[in-house]
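Scroll down for the structure; my scribbles are underneath it.
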Amino acid sequence: VQLQASGGGLVQTGGSLRLSCAASGSIFSINSMGWYRQAPGKQRELVAAITSGGSTNYADSVKGRFTISRDNARNTVYLQMNSLNPEDTAVYYCSADTITIEDETTVARYWGQGTLVTVSS
């Protein structure tokens, strides 16, 4: 299973970006999908997650500014980020809790390669 993330870049304070992450490979089904971020010198933290049924949860720091969504048919998760500020600067990683065709009894978390978001002041 491979996750390909895209959409990062440089944006000014108050700007917006949309991240995308597409999963591919021997996928039987995907449960939760999510976005995490890791700023320099800090631990990786959950930004937002969404279940296959569409239930979402967000970090308090992004509530009201970020929106997570997914397209189950395309095995793709999105993160719309609005009102960005310098504290949002980080490498953003997508995740997918996946059941593979080879082993339908196990859920494993797969990670994307990370995409850098830089917000200038």
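Just so it is clear, the values below take in all heavy atoms, side chains as well, and ignore hydrogens, waters and symmetry mates.
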Quiz prompt | Spatial distance of atom OG (S6) from atom CG (L19) [nearest 0.5 Å] | solution = 8.0 Å
Quiz prompt | Residue pairs, two or more places apart or on separate chains, that pass disulfide bond (SG atoms under 2.5 Å apart) and touch residues 63-121 | solution = C21-C94
Quiz prompt | Point-to-point distance, once rounded to the nearest 0.5 Å, from CZ of R109 to CG of N31 | solution = 10.5 Å
Quiz prompt | Residues forming a salt bridge (Lys or Arg N to Asp or Glu O under 4.0 Å) with R18, sequence neighbours excluded | solution = none
Quiz prompt | Distance-minimising heavy-atom pair for M33 and I68 | solution = O-CD1, 4.0 Å
Exercise. Could you please spell out the steps behind the side-chain contact (heavy atoms from CB on, under 4.5 Å) verdict for V1 and I30?
Key: CA-CA 11 Å; V1 176; I30 300 177; over 6 Å; no
Exercise. Answer yes or no: does atom CD of Q12 have more than 12 heavy-atom neighbours from other residues, nucleotides or ligands under 6.0 Å?
Key: no
Practice problem: Decide side-chain contact (heavy atoms from CB on, under 4.5 Å) for M81 and V11; before the verdict, give the C-alpha distance in whole Å, the side-chain angles of both, and the deciding distance to 0.1 Å. | Solution: CA-CA 11 Å; M81 304 185 294; V11 64; over 6 Å; no
Quiz prompt | S16 side chain to N82 side chain, donor-acceptor N/O pair below 3.5 angstrom | solution = yes
Quiz prompt | Nearest-0.5 Å distance that lies between atom CD1 in I99 and atom OG in S26 | solution = 13.5 Å
Quiz item: Which pair of heavy atoms, one from R65 and one from D88, lies closest together, and at what distance?
Solution: NH1-OD2, 2.8 Å
Practice problem: Scan residues 45-54 for pairs that pass side chain to side chain donor-acceptor pair (under 3.5 Å), counting only residues two or more places apart or in two chains. | Solution: R37-E45
Practice problem: For residues 55-101, pull every pair meeting ring-ring contact (aromatic ring centres under 6.0 Å, His included), keeping only residues two or more places apart or in separate chains. | Solution: none
Quiz prompt | salt bridge (Lys or Arg N to Asp or Glu O under 4.0 Å) involving R74 - partner list, sequence neighbours excluded | solution = D71
Self-check item: Expected output: side-chain T98 to main-chain A96 donor-acceptor under 3.5 Å
Solution: yes
Exercise. Report whether Y36 and V91 are members of the same hydrophobic cluster (ILVMFWY, side-chain heavy atoms less than 4.5 Å apart, transitive linking).
Key: yes
Quiz prompt | With sequence neighbours excluded, residues passing salt bridge (Lys or Arg N to Asp or Glu O under 4.0 Å) with K63 | solution = D60
Self-check item: Pair listing, ring-ring contact (aromatic ring centres under 6.0 Å, His included) test, anchored in residues 3-30, at least two apart
Solution: none
What side-chain donor-acceptor pairs closer than 3.5 Å can you find for residues 110-121, not counting sequence neighbours?
unit_1: Q113; atom_1: OE1; unit_2: A5; atom_2: N; d: 3.2
unit_1: Q113; atom_1: NE2; unit_2: A5; atom_2: O; d: 3.0
unit_1: T115; atom_1: OG1; unit_2: G8; atom_2: N; d: 3.1

Practice problem: Just grab all the disulfide bond (SG atoms under 2.5 Å apart) pairs involving residues 41-71, residues at least two apart or on different chains. | Solution: none
Quiz item: Taking atom CG of L17 and atom CG of L84, what is their separation to the nearest 0.5 Å?
Solution: 5.5 Å
Practice problem: List in chain and number order the residues that pass salt bridge (Lys or Arg N to Asp or Glu O under 4.0 Å) with D103, two or more places apart in sequence or in another chain; answer none if no residue qualifies. | Solution: none
Quiz item: If you take all heavy atoms of L3 and A23, which pair is closest and at what distance?
Solution: CD1-CB, 4.0 Å
Quiz item: Applying disulfide bond (SG atoms under 2.5 Å apart), which residue pairs with at least one partner in residues 22-75 are found, sequence neighbours left out?
Solution: none
Quiz item: Do any pairs count as a disulfide bond (SG atoms under 2.5 Å apart) and have a residue in residues 25-74, sequence neighbours left out, and if so which ones?
Solution: none
